[in-house]
Amino acid sequence: MEEVGREHDSSVVVVAVEDFSAAKDTSTVNTKPTRRYPLTSLVAILALITLVGVYIFSLSLKQNGMLFGLKQTNMIEKEREQPCHNSSVPESEIPYVHYPSPDTYSRKECACTPVRFFAILSMQRSGSGWFETLLNSHENISSNGEIFSVKDRRSNITAITKTLDKLYNLDWVSSAAKNECTAAVGLKWMLNQGLMKNHQEIAAYFNRRGVSAIFLLRRNLLQRYVSILANDYDRNTKQLNGTHKAHVHHRGQADVLAQYKPTIDTKSLIAELKRSDKLAADGLASFKKIRNIVLYYEDVVSNHTKLTDVLDFLKLPKTKLSSRHVKIHTKRLRDNIGNWVDVYNTLNGTQYESFLNGRRAKGVNNVVVGFPSFAPSFPP
């Protein structure tokens with residue numbers, strides 16, 4: 001009996017030991033996932049932090065955009081709050097009449113002088129420099145030059161609209177500032193200075209802010225190309241006492257610059273003319289829904305009533321406009337090209353052969369004015 005009891009106790013002990021060993025083995029097995037768990041958690045936490053960071057960054061960008069849009073809205077509302085709106089202004093013209101409140105000074109006695117916003121849209125060597133000096137000779141017009149020739153100002157649409165807001169709020173400082181009350185403010189903007197790259201956003205801005213476009217183009221693209229080549233040559237050689245001058249005020253200086261006769265690469269000539277033609281056509285098409293007037297350099301030179309059309313377009317009093325600019329190339333086109341015979345043979349019989357006689361290309365439309373349906377049109 002005692003032996004049987006001992007055997008029974010032994011079996012109990014063995015079982016207990018075996019159970020303890022099993023428990024120990026189980027605990028050992030269970031600790032293996034625990035050792036891997038912190039690494040998994042760390043990866044998950046890092047992923048969560050990344051997602052939260054991206055969300056906060058996108059939210060910040062959106063908020064900045066909203067704040068920028070709100071700032072523009074506040075500027076427009078600030079104009080509308082002016083107590084000096086002219087009730088005689090036709091309803092169709094109200095979107096184009098502004099009463100800016102500059103942040104840097106007070107307009108005082110000019111506060112109730114309505115201001116028109118405009119932009120001269122052009123291409124290099126199309127007479128825009130001369131045209132702008134004509135406008136600036138008017139005591140009530142301030143055109144501030146090629147503001148977007150500085151790349152940082154056109155780096156993105158935010159930089160562009162920020163610059164335009166400063167300009168049209170009359171906070172832009174330049175030599176175009178007037179002693180008299182400004183009644184029209186604008187700039188000169190080349191099509192290849194971020195204008196076409198952001199044309200949809202800029203067209204929307206023009207519509208929203210009531211900006212009118214003044215297109216100044218050149219009919220004879222061959223003459224324009226000669227001017228480009230001659231200007232590039234002077235930029236490198238600096239013929240006038242070591243100074244490059246894109247525009248001159250004395251006949252003697254103009255004669256010096258006109259002595260250079262570029263030799264044109266005839267293999268690429270037609271492609272260059274097509275490129276220029278397309279750029280101008282794309283510009284007109286992109287801003288056709290903006291209140292605009294289209295001028296051609298040759299017409300303004302030969303018919304000064306075109307300047308009267310511009311003053312009517314801006315609703316400004318008529319006055320004589322003048323410029324100190326002196327035309328550089330006054331001779332026949334053939335006398336300004338070093339390899340005239342090659343150029344003639346290249347263009348003769350093409351759509352650009354009329355350029356050889358100083359005229360515009362075949363098929364170029366005489367588009368002069370483009371207005372919304374409510375606006376009056378001017379004679380071509």
Side-chain angles (χ1 to χ4, degrees), residues 118-132 146 148-149 154 157 160 186-207 211-229 231 264-265 268-303 306 309-310 313 333 343 346-373 375 377-380:
F118 69 88
I120 304 170
L121 309 185
S122 188
M123 300 164 65
Q124 284 82 358
R125 312 311 296 177
S126 296
S128 59
W130 166 71
F131 178 76
E132 187 177 44
E146 289 183 40
F148 291 107
S149 62
R154 64 175 195 260
I157 190 59
I160 290 174
L187 74 159
K188 185 173 64 166
W189 201 344
M190 301 296 103
L191 297 181
N192 63 352
Q193 292 176 347
L195 186 62
M196 295 306 299
K197 183 179 179 180
N198 302 279
H199 66 88
Q200 291 181 336
E201 295 88 346
I202 295 170
Y205 179 94
F206 282 2
N207 269 325
V211 180
S212 300
I214 302 174
F215 279 98
L216 180 66
L217 304 173
R218 196 154 184 169
R219 294 187 186 281
N220 193 315
L221 299 178
L222 178 59
Q223 288 180 327
R224 174 179 174 268
Y225 191 42
V226 170
S227 181
I228 289 175
L229 295 176
N231 187 62
I264 297 177
D265 180 5
S268 61
L269 177 57
I270 291 181
E272 175 62 30
L273 295 178
K274 286 183 177 180
R275 186 193 66 80
S276 299
D277 202 5
K278 184 178 185 305
L279 180 59
D282 289 346
L284 291 171
S286 298
F287 294 92
K288 64 182 179 180
K289 295 183 179 180
I290 305 298
R291 181 177 184 267
N292 69 80
I293 182 171
V294 182
L295 303 170
Y296 289 93
Y297 167 77
E298 292 85 350
D299 296 344
V300 179
V301 170
S302 61
N303 185 358
K306 295 297 180 183
D309 293 343
V310 175
F313 178 72
L333 182 57
V343 171
T346 299
L347 297 184
N348 190 33
T350 70
Q351 67 183 103
Y352 301 113
E353 67 177 347
S354 57
F355 289 166
L356 299 170
N357 299 318
R359 295 192 294 271
R360 64 189 175 100
K362 295 178 179 179
V364 176
N365 294 326
N366 187 20
V367 180
V368 177
V369 182
F371 290 93
S373 58
S377 61
F378 297 105

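Computed from a prediction, not measured in an experiment: that's the story for all the values here.
Under the 4.5 Å side-chain criterion, counting only non-hydrogen atoms from C-beta, Leu273 is not in contact with Gln351. A heavy-atom distance below 4.5 Å is found between the side chains of Leu284 and Leu217. Residues Ile214 and Leu295 form a side-chain contact, since some pair of their non-hydrogen atoms from C-beta on lies under 4.5 Å apart. A 4.5 Å side-chain heavy-atom check between Tyr225 and Leu269 finds at least one atom pair inside the cut-off.
Partners of Ser227 by side-chain hydrogen bond (donor to acceptor under 3.5 Å, both in side chains), not counting sequence neighbours, listed by chain and number: Arg125. Residues meeting the side-chain hydrogen bond (donor to acceptor under 3.5 Å, both in side chains) test with Ser212, sequence neighbours left out: Arg291. With sequence neighbours left out, Leu333 forms a side-chain contact (heavy atoms from CB on, under 4.5 Å) with Leu222, Gln223, Val226, Ile337, Trp340. Leu195 meets the side-chain contact (heavy atoms from CB on, under 4.5 Å) test with Leu121, Trp189, Leu191, Ile202, Phe287; sequence neighbours excluded. Tyr297 meets the side-chain hydrogen bond (donor to acceptor under 3.5 Å, both in side chains) test with Lys327; sequence neighbours excluded. Legend: residues meeting side-chain hydrogen bond (donor to acceptor under 3.5 Å, both in side chains) with Gln124, ordered by chain and number and at least two apart, are Asn192. Residues satisfying the salt bridge (charged side-chain N to carboxylate O under 4.0 Å, His left out) criterion with Glu272, sequence neighbours excluded, are Arg275. In this structure Asp265 satisfies the salt bridge (charged side-chain N to carboxylate O under 4.0 Å, His left out) test with no other residue, sequence neighbours excluded.
Between Ala119 and Phe206, the shortest heavy-atom distance links the atoms CB-CZ, 3.9 Å. Of all non-hydrogen atoms in Ser276 and Arg224, the two that sit nearest each other are OG-NH1, 3.2 Å. Closest heavy-atom contact between Met123 and Ser126: O-OG, 3.0 Å. Phe131 and Leu216 get closest at one heavy-atom pair: CB-CD2, 3.5 Å.
The CD1 atom of Ile293 lies 12.5 Å from the CZ atom of Phe118; values are rounded to the nearest 0.5 Å. To the nearest 0.5 Å, atom NZ of residue Lys289 and atom CG of residue Asn207 are 9.0 Å apart.
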Inset, instruction - Please report the C-alpha distance between Met190 and Ser128 in whole Å, then the side-chain angles of each, then the deciding distance to 0.1 Å, and finally whether the side chain to side chain contact (heavy atoms under 4.5 Å, CB included) criterion is met. - result: CA-CA 9 Å; Met190 301 296 103; Ser128 59; 3.6 Å; yes
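Looking at Glu353, its side chain does come within 3.5 Å of a backbone N or O of Gly349 through a donor-acceptor pair.
Screening residues 193-202 for side-chain hydrogen bond (donor to acceptor under 3.5 Å, both in side chains), with sequence neighbours left out, gives Glu146-Gln193.
In this structure, Arg154 forms no cation-pi arrangement with Phe148, as its terminal cationic atom is not both closer than 6.0 Å to the ring centre and no more than 45° off the ring axis.
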